Peer 1: 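A single structure is presented below for examination.
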Amino acid sequence: MPQSAARRPASPNPSARLRRRLVMGSAAVAAALGVAACGTASGALQPSTSPSAKGAITISPSTDPAPGTPGTPGSDGVPATAGASGRAAPPVTPRTPRTPGTSPGTSPSTANPSAAAAAPAVPTTPLSTTSVIGSTASGGRSVALTFDDGPGPATQQILDLLAQYNVKATFCEIGQNAAANPGLVKKVLAAGHRLCDHSVHHPQPFQKLPHDKAVAEISGAKDMIVKAGGPGTQVTWFRAPGGGFNADNEHIAAGLGMKSLGWSVDPRDWSRPGVPAIVSTVQSQLRPGGVILMHDGGGDRSQTVAALKQLLPWLVAQGYTFDLPAA
């Protein structure tokens, strides 16, 4: 049998070489990715900047801003969103003052404009289109004396005292009292004093009366006073019982040609606090141009008469002149 040729080393299998190359390439890619991952603080995969890594798979970095940044999720300005560790608690938002037309938690800048426009303005002063007089016509160092609830048993005594000092005063009369004492109403007018409407029955609180009732009380009293005084009687003012003025009864009086008359000094003589108390209250409260409230009817007015006997000479000594209320 012929001798065979010498054996040559077997050449590597082409498929084995290909497998070895793929394994080596995969290991290189894995190593490159592992180095990139370890180089980030957050652990997010980052693109490699090595020139040899061209064509490698890259993963873009996260664009989520850091929690707590103003105007971003998790801040006071925007509700927090869920994170990797779970849902974050909503932030505590400072309360802001509520304005008309906005709902709770709504800022004025984001309020519904139509709702804001529809909200009624808050009034800063009570509704009133007329003014209540509380000063004299001439002002300065003058004083106006006014007497309520008459005519009554004390009216004549007061008229006598006023005549001694040549004082002209204003008598705010109750309609039914005027009708019952027409002679005294005529004496008030004959002495040069002025008349004021003080309602028919003196109901209180006067400002709570319905319109029709207020009309009856004011217009009825004026008619009674004019009838008691006789032809030509003028009733210049209206004084609400208890000072219960409001826009309605002031308008009613104005429509009847009367001004609303208040006061600036109130010694509460109707409560009979004693003569010294009446005198001292007038002396302490009075200012130039003031209007003093006293009473000639409605009960026992002996303290008022006694106090007036002291006040008239005191007022003269203080340099006061006597005037009527502004009209």
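All values reported here derive from a predicted model rather than from experimental measurement.
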Peer 1: I need the C172 SG to D296 CG distance, nearest 0.5 Å.
Peer 2: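 The CG atom of D296 is 9.0 Å from SG of C172, to the nearest 0.5 Å.
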Peer 1: Under a 4.5 Å side-chain heavy-atom rule over Ile, Leu, Val, Met, Phe, Trp and Tyr, are V226 and L261 clustered together?
Peer 2: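 Result: no, two separate clusters.
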Peer 1: Holding to salt bridge (charged side-chain N to carboxylate O under 4.0 Å, His left out), I want the full list of residues that pass it with D149, two or more places apart in sequence or in another chain.
Peer 2: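 Expected list: none.
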Peer 1: Drop me the distance from T304's OG1 to Q157's CD, to the nearest 0.5 angstrom.
Peer 2: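 One gets 10.5 Å once the value is rounded to the nearest 0.5 Å.
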Peer 1: Test F147 against every option in V188, L308, L293 by the side-chain contact (heavy atoms from CB on, under 4.5 Å) rule and name the one that passes.
Peer 2: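 Passing option: L308.
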Peer 1: Give, for atom CG of N249 and atom CD of Q207, the distance between the pair rounded to the nearest 0.5 Å.
Peer 2: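 If we round to the nearest 0.5 Å, N249:CG and Q207:CD are 8.0 Å apart.
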Peer 1: Can a side-chain donor-acceptor contact be found between T170 and R239 if the only test is distance below 3.5 angstrom?
Peer 2: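 On atom types as modelled, these side chains do not qualify, holding no pair under 3.5 Å.
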Peer 1: Are D300 and R272 within salt-bridge range, i.e. N to O under 4.0 Å?
Peer 2: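 Yes, D300 and R272 are salt-bridged.
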Peer 1: Say you draw a straight line from CD of Q283 to CG of L311; how long is it, rounded to the nearest 0.5 Å?
Peer 2: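 Those atoms lie 6.0 Å apart.
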Peer 1: Would you please name every residue forming a side-chain contact (heavy atoms from CB on, under 4.5 Å) with A327, sequence neighbours left out?
Peer 2: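 Partners of A327 under the side-chain contact (heavy atoms from CB on, under 4.5 Å) test: T236, W237.
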Peer 1: Honestly curious: do F238 and L209 fall in one hydrophobic cluster under the side-chain, below-4.5 Å linking rule?
Peer 2: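 Yes, F238 connects to L209 through the hydrophobic network.
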Peer 1: Is there side-chain contact between L286 and W314, with heavy atoms separated by less than 4.5 Å?
Peer 2: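 Side chain of L286 against side chain of W314, heavy atoms only: contact under 4.5 Å found.
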Peer 1: Just by distance, with hydrogens left out, do E250 and N246 show a side-chain donor and acceptor under 3.5 Å apart?
Peer 2: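 The answer is no; no qualifying pair exists.
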Peer 1: Honestly curious: do L159 and L195 fall in one hydrophobic cluster under the side-chain, below-4.5 Å linking rule?
Peer 2: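 Yes.
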Peer 1: In the structure I gave you, are the side-chain heavy atoms of L256 and S219 within less than 4.5 Å of one another anywhere?
Peer 2: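 Of all side-chain heavy-atom pairs linking S219 with L256, at least one is under 4.5 Å.
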Peer 1: Does the side chain of V235 reach to within under 4.5 Å of the side chain of R194, using non-hydrogen atoms?
Peer 2: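 V235 vs R194: side chains apart.
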Peer 1: Start with the C-alpha gap between T321 and R141, add the side-chain angles, then the distance that decides, and say whether side-chain contact (heavy atoms from CB on, under 4.5 Å) holds.
Peer 2: CA-CA 7 Å; T321 59; R141 200 166 183 79; 6.0 Å; no
